[in-house]
Amino acid sequence: MSEIPRIRITDAAKYDGQTVEIAGWLYNLRKSGKIIFPLVRDGSGIIQCVGVKATMPEELFETLKHLTQESSLIVRGKLRAEQRAQGGYELDLESADVVQRVPEETPYPITPKEHGTEFLFDKRHLHLRSRRTHAVMRVRHEIIKAIRDYFDSNGFTLVDTPIFTPAACEGTTTLFEVDYFEDEKVYLTQSGQLYNEATAMALGKVYCFGPTFRAEKSKTRRHLTEFWMVEPEMAYATLEDVKDVAEGLICFVVQRVLENRRTELETLERDITKLEAIKAPFPRISYDQAVEILKRKGSEIEWGGDFGGTDETLLAEEFDRPVMVDRYPAQVKAFYFETDPERPEVALGVDVIASEGYGEVVGGGQRAHSLEVLEQRIRDHNLPPEAFDWYLDLRRYGSVPHAGFGMGVERTVAWLCGLDHIRETIAFPRMLYRTRP
RNA sequence: UCCUGAGUAGCUCAAUGGUAGAGCAUCCGGCUGUUAACCGGAGGGUUGUAGGUUCGAGUCCUACCUCAGGAGCCA
């Protein structure tokens with residue numbers, strides 16, 4: 001058919017001076033008598049087109065002049081560097097086909113003016129087309145790709161763990177019960193951790209990457225009921241290895257985003273200097289030291305308690321990069337944590353608290369590898385022993401010190417994008433009062 | 001679950017207890033360099049729901065519903 005190359009808007013610079021075709025949607029239209037400026041988006045970017053009445057068929061000019069927002073169309077014309085246009089390039093319209101015209105009786109609901117959160121999330125399926133959401137999704141993709149590249153190039157094997165699980169990983173958290181399987185109660189996973197320990201004993205270094213479900217009545221800017229988590233696990237590894245890997249991972253991801261997603265960060269008006277500061281080494285402090293800092297800053301925390309959201313923010317204020325806090329009281333951590341041989345009251349766990357008040361993005365540590373200790377813990381936590389029989393096998397057949405952690409994807413996205421609410425980090429957020437669309 | 005706040009045009013918001021209004025969006029008209037374009041005109045309302053107080057309620061009172069922010073819990 002046509003000899004004209006179909007291009008994507010991000011590649012416009014490569015086709016300067018050439019006649020090209022762009023297939024997309026009408027983002028916005030500015031018009032002035034005998035000249036029109038349709039803004040066309042194609043998923044890769046937005047480009048301003050120029051249509052002059054005198055140089056094109058009358059019918060086409062009138063069609064475009066009255067085209068409605070988000071109508072789909074294919075435009076053809078010559079690309080030209082143009083300082084006055086956003087993006088630096090402009091397309092001189094020669095011809096166009098309207099694929100579907102949005103009827104004026106049912107106009108596109110998201111106008112170029114401001115809207116409230118409730119409305120935008122009711123129309124989330126359309127909101128994804130807007131500049132800001134588009135930028136967040138591209139950064140999210142970059143982060144996920146970077147996470148996988150980091151593990152893949154450091155000897156880890158991706159082994160995904162089941163979504164349906166028969167028991168809790170962490171006894172305290174509320175689980176989503178699935179009423180389908182006949183023999184027993186089954187729940188949606190809240191972590192792949194226990195299964196990771198099995199695959200790590202088989203493959204040495206593994207990670208799983210998938211959705212996670214928490215039936216908590218949380219209603220804050222840091223929580224989703226369905227979120228994505230990456231969890232590496234390493235055989236023959238200790239708490240110190242966890243810190244090194246977590247630090248390496250975060251630095252690698254930040255670097256990738258800075259290298260490949262500048263435009264998106266600018267669209268989001270992210271303060272890039274804050275991201276550039278995220279470099280190794282991260283400060284490493286103990287829980288004891290963290291409690292001291294918090295008390296000095298006026299927190300009501302007492303030794304033995306877990307940090308609240310405000311505690312995490314107070315702590316983050318002290319540093320220009322993420323801070324690693326280790327050796328929490330064993331009582332606030334899950335049953336499977338190894339304890340410090342010199343101080344049995346503290347667990348060999350570490351949390352990475354993000355800078356700028358974005359809270360805990362990484363949590364993990366060294367796992368208990370003695371059969372006797374684990375059996376006692378399972379009794380202490382009133383967990384059903386039969387559900388953990390396979391897990392205990394890992395301590396019967398060649399148990400070794402091992403360690404791992406989990407990193408929340410959405411919190412990382414919110415942090416790197418500088419968003420004030422986690423719901424913006426995922427295409428279709430699932431929250432306490434939000435299950436549609 | 002608890003605490004606080006908010007529900008008025010498709011959207012974002014005004015309106016001392018006294019005739020419900022503006023901007024954007026939509027439609028019509030004008031404009032050859034617009035940048036959330038601008039200018040003129042038109043249509044668009046059971047003020048979240050149900051009661052109550054009052055001569056009179058968008059406004060005051062009660063209950064409920066929905067949403068937002070926060071707490072607890074967590075990544």
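We use all heavy atoms of the structure for the numbers below, so side chains are in, but hydrogens, waters and symmetry mates are not. Given the structure is predicted, the values throughout are model-derived calculations rather than measurements.
- Residues A/Arg434 and A/Gly308 each lie close to RNA chain B; by heavy-atom proximity, the contact nearer the 5' end of the strand is made by A/Arg434.
- Rounded to a whole Å, the CE atom of A/Met431 is 12 Å from the P atom of B/G70.
- For the atom pair CG (A/Asp160) and OH (A/Tyr207), the distance works out to 8.5 Å, reported to the nearest 0.5 Å.
- Sorted by first then second residue, the ring-ring contact (aromatic ring centres under 6.0 Å, His included) pairs that include residues 42-76 of chain A, not counting sequence neighbours, number zero.
- In this structure, A/Leu224 atom CG and B/A75 atom C1' are separated by 10 Å, rounded to whole Å.
- Separating the CZ atom of A/Phe307 from the P atom of B/A71 is a distance of 16 Å, rounded to the nearest angstrom.
- Between the side chain of A/Asn260 and the backbone N or O of A/Glu142, no donor-acceptor pair lies under 3.5 Å.
- Between A/Arg423 and the phosphate of B/G69, there is a side-chain N or O to OP1/OP2 separation shorter than 4.0 Å.
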Taking N or O atoms only and anything under 3.5 Å, show me the protein contacts with nucleotides 9-12 of chain B, one pair per line.
unit_1	atom_1	unit_2	atom_2	d
B/C11	O2'	A/His115	ND1	2.4
B/U12	OP1	A/Gly116	N	2.9
B/U12	O4'	A/Glu114	O	3.4
B/U12	O2'	A/Glu114	OE2	3.2

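- Expressed to the nearest 0.5 Å, how far CD1 of A/Ile285 lies from CG of A/Leu315 amounts to 5.0 Å.
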For nucleotides 28-34 of chain B, list the nitrogen or oxygen atoms of the protein found under 3.5 Å from its nitrogen or oxygen atoms, one pair per line.
unit_1	atom_1	unit_2	atom_2	d
B/C31	N3	A/Gly33	N	3.3
B/C31	N4	A/Gly33	N	3.3
B/U32	OP2	A/Lys34	N	3.3
B/G33	O2'	A/Arg84	NH1	3.2
B/G33	N1	A/Glu90	OE1	3.0
B/G33	N2	A/Gln48	NE2	3.4
B/G33	N2	A/Glu90	OE1	3.2
B/G33	N2	A/Glu90	OE2	2.4
B/U34	O2	A/Arg30	NE	2.8
B/U34	N3	A/Gln48	OE1	3.2
B/U34	N3	A/Gln48	NE2	2.7
B/U34	O4	A/Gln48	NE2	2.6

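- Residue A/Val409 is classed as having no contact, given no heavy-atom separation below 4.0 Å to the nucleic acid.
- Applying the Watson-Crick and G-U wobble criteria (two distances, each under 3.5 Å), B/G56 pairs with nothing in any strand.
- In this structure, A/Arg377 forms no cation-pi arrangement with A/Tyr336, as its terminal cationic atom is not both closer than 6.0 Å to the ring centre and no more than 45° off the ring axis.
- Among the protein residues, A/Asp351 comes within range of no part of the nucleic acid, since none of its heavy atoms lies under 4.0 Å from any strand.
- Comparing B/U46 with B/A63, their P atoms sit 27 Å apart, to the nearest whole Å.
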